[in-house]
Amino acid sequence: MGSGSGICGAALVRAANAMLTALGGDQVSLLLPATATAGDAAGQLGLVDPGVQEVIISPVVARNLPTGNAGPRRRIEVTLLASVIENQLPTLGLASAEDLFNAALGLSYDGDLFHIEAAVPENFAGTAYFYVVTAVE
């Protein structure tokens, strides 16, 4: 693959951004463990709850998925822009989107908290343009 695939990949990312912006007015929050800042003995013993850090991702497209009778109350699929995810990584001190999704305690959408089941990149010409996240309540 020559430099043409990079140009094609960049164009696809721009097109994906435009499409998701047009289709998606929703947002989700990824909840990550916050780092403890207590310097006293209680913090060192783990007695201080560091809380969570909320990372807002927008725009997204979310849709409800069918659930079986014995399954979870609610199951969703959320399409996120890879460029938005990748822009968050340096400020969070994470190396990859996979690290971000693995570190997430959950996903908040429409006032409900979901557990992330899977996060799959959609790639073209070696460039991720979307992440499709499946989550259950």
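Among residues two or more places apart in sequence or in another chain, the side-chain contact (heavy atoms from CB on, under 4.5 Å) test is passed with D110 by R74.
Atom-to-atom distance recorded for L105:CG and E54:CD is 12.0 Å, nearest 0.5 angstrom. Rounding to the nearest 0.5 Å places CG of L80 at 10.5 Å from OG of S83. Remark: I85 CD1 to E98 CD distance equals 13.5 Å, nearest 0.5 Å. Rounded to the nearest 0.5 Å, atoms CG (L94) and CG (L32) are 7.0 Å apart.
The heavy-atom pair separating A135 from F114 by the smallest distance is CB-CB, 3.6 Å. Closest non-hydrogen pair, A128 versus N123, comes out as CA-OD1, 3.1 Å. The shortest heavy-atom contact between A62 and V78 is CB-CG2, 4.1 Å. Across all non-hydrogen atoms, the minimal contact from T67 to R73 is OG1-O, 4.2 Å. Between I56 and S29, the shortest heavy-atom distance links the atoms CG1-OG, 3.7 Å.
Side-chain contact check for D26 and Y109: at least one donor-acceptor pair (N or O, by modelled atom type) lies under 3.5 Å. In summary, the side chains of T134 and E117 do not present any donor paired with an acceptor at a separation below 3.5 Å, with no hydrogens or angles considered.
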Exercise for the section: Could you walk me through whether I76 and L107 pass the side chain to side chain contact (heavy atoms under 4.5 Å, CB included) test, one step at a time? Expected result: CA-CA 10 Å; I76 61 171; L107 179 143; 4.0 Å; yes

